[in-house]
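Note sheet for the following structure.
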Amino acid sequence: MGCGAEAEEWLRESYQRAVAIGLPAQQAAAQANLGAALLQQGQLIEARQLMEAGLALRATQGHLDVSIDRAFLAIVCLRLGDIDAAEQHSAQALVDVQRTPQIEHPQQVWFARAQVLRQQGKHDEARAVLAIAVDCLHQVESQLPATQRQHYRTVFFFNRALLEAWLLQIWPDPPALI
């Protein structure tokens, strides 16, 4: 919900506990979430290290759905200026989301990819991918009661930013999902 500083202390504690008692799945989740909290605060180097370690740990456990983690890592790499890594992670995130399309917020993955393409100067491709992100948003919304649809569009930054990019041509600067 955009409160990375408030979440950071709890997430660090969660990560330390998962390591101490040997819970690799929880450790990987804590690394991903802590990385996202640090990304939100602009602490990009540590965010990247945590996210990469979390992805590696999840891979050893055979996790299939890491598309959101890869999308966030792509944004970190993009903000660090590592366009090649951002390209790699955002492209792989799309492969992941297409393999397991039942993720909770698929529009995040597509929106991350659109931001990477835009940063590369591939504006037509970015716009096409952004259109897919908007379609995903509408599909998720269609599953909600009508009274909650507008709230869903506004409560999450990535939905607001996605719609601003689509409707107003205003992209997050710096690139972001949270």
Side-chain angles (χ1 to χ4, degrees), residues 1-5 7-8 29 31-56 58 64-141 152-178:
M1 301 299 294
C3 300
E8 181 183 352
Q31 287 172 307
N33 291 328
L34 179 55
L38 295 173
L39 167 61
Q40 193 267 332
Q41 297 175 73
Q43 298 176 35
L44 303 176
I45 294 172
E46 185 180 5
R48 181 179 186 171
Q49 292 168 343
L50 285 163
M51 289 177 175
E52 288 174 341
L55 274 172
R58 286 185 182 200
L64 296 177
D65 182 17
V66 292
S67 57
I68 295 293
D69 294 353
R70 286 190 200 283
F72 276 97
L73 181 54
I75 294 295
V76 168
C77 292
L78 194 59
R79 287 180 59 185
L80 285 168
D82 189 345
I83 305 299
D84 291 339
E87 166 66 26
Q88 176 188 348
H89 291 301
S90 68
Q92 185 60 50
L94 288 189
V95 171
D96 293 346
V97 80
Q98 290 169 330
R99 185 178 55 225
T100 54
Q102 65 278 9
I103 67 167
E104 189 175 7
H105 303 288
Q107 68 271 26
Q108 285 182 298
V109 176
W110 291 99
F111 188 39
R113 179 67 179 156
Q115 290 180 76
V116 170
L117 291 168
R118 184 172 183 274
Q119 194 73 23
Q120 293 174 319
K122 299 175 182 178
H123 297 284
D124 291 340
E125 288 179 59
R127 187 82 177 152
V129 171
L130 182 61
I132 296 169
V134 171
D135 287 343
C136 288
L137 172 61
H138 292 316
Q139 288 174 15
V140 171
E141 284 180 328
Y152 180 70
R153 284 179 169 223
T154 59
V155 73
F156 294 110
F157 171 81
F158 57 85
N159 286 336
R160 292 190 315 264
L162 186 157
L163 291 170
E164 286 179 1
W166 180 248
L167 298 171
L168 304 173
Q169 302 284 324
I170 300 170
W171 291 75
D173 183 24
L177 287 173
I178 42 179

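Note that the structure is predicted; figures quoted are calculated from it, not measured. Throughout, residue positions are numbered sequentially from 1 according to the sequence presented.
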According to side-chain hydrogen bond (donor to acceptor under 3.5 Å, both in side chains), who are the partners of Arg118, at least two apart in sequence or on a separate chain? none
ring-ring contact (aromatic ring centres under 6.0 Å, His included) with Tyr152: which residues, sequence neighbours excluded? His105, Phe156
Separation between CD (Gln49) and CG (Leu44), nearest 0.5 Å, reads 11.0 Å
Residues which pass side chain to side chain contact (heavy atoms under 4.5 Å, CB included) with Glu125, listed by chain and number, not counting sequence neighbours: Leu117, Lys122
If the condition is salt bridge (Lys or Arg N to Asp or Glu O under 4.0 Å), which residues does Arg127 pass it with, not counting sequence neighbours? none
Does Leu73 reach the side chain of Asp69, with side-chain heavy atoms less than 4.5 Å apart? no
Is there side-chain contact between Leu163 and Leu137, with heavy atoms separated by less than 4.5 Å? yes
Can you sort out the partners of Glu141 under salt bridge (Lys or Arg N to Asp or Glu O under 4.0 Å), two or more places apart, ordered by chain and number? Arg153
Checking the side chain of Gln41 only, and the main-chain atoms of Ala37 only, is there a donor and an acceptor separated by less than 3.5 Å? yes
So which atom in Val116 and which in Ala74 form the shortest heavy-atom distance, rounded to 0.1 Å? CG2-CB, 4.4 Å
Below 3.5 Å, can you tabulate the donor-acceptor pairs from side chains in residues 171-178 to any protein atom, sequence neighbours excluded?
none

Salt bridge (Lys or Arg N to Asp or Glu O under 4.0 Å) filter on Glu46, not counting sequence neighbours, yields Arg12
Considering non-hydrogen atoms only, spot the tightest contact between Ala133 and Leu162 and give its length. CB-CD1, 3.6 Å
Report the residues that fulfil side chain to side chain contact (heavy atoms under 4.5 Å, CB included) with Ile132, sequence neighbours left out, ordered by chain and then residue number. Trp110, Cys136
Hey, is CG on Leu167 packed in by over 12 heavy atoms from elsewhere, all under 6.0 Å? yes
Run the side-chain donor-acceptor check on residues 75-92: report pairs under 3.5 Å with partners two or more places apart or on a different chain.
from  : atom 1 : to     : atom 2 : distance (Å)
Asp82 : OD1    : Ala85  : N      : 3.1
Asp82 : OD2    : Arg48  : NH1    : 3.2
Asp82 : OD2    : Arg48  : NH2    : 2.9
Glu87 : OE1    : Arg113 : NH1    : 2.8
Glu87 : OE1    : Gln120 : NE2    : 3.0
Glu87 : OE2    : Arg113 : NH1    : 3.2
Glu87 : OE2    : Arg113 : NH2    : 3.2
Ser90 : OG     : Ala86  : O      : 3.0
Ser90 : OG     : Glu87  : O      : 3.3
Ser90 : OG     : Arg113 : NH1    : 2.9
Gln92 : NE2    : Asp96  : OD1    : 3.0

With sequence neighbours left out, which residue pairs that include part of residues 154-164 fulfil the side chain to side chain donor-acceptor pair (under 3.5 Å) condition? Gln107-Asn159
What distance separates Leu34 CG from Gln43 CD, expressed to the nearest 0.5 Å? 8.5 Å
I'd like to know whether CD of Gln169 has more than 12 heavy-atom contacts from other residues, nucleotides or ligands below 6.0 angstrom. yes
On a heavy-atom basis, the closest approach of Leu50 and Gln31 is O-CB, 3.5 Å
Contacts of type salt bridge (Lys or Arg N to Asp or Glu O under 4.0 Å), residue Asp135, not counting sequence neighbours: none
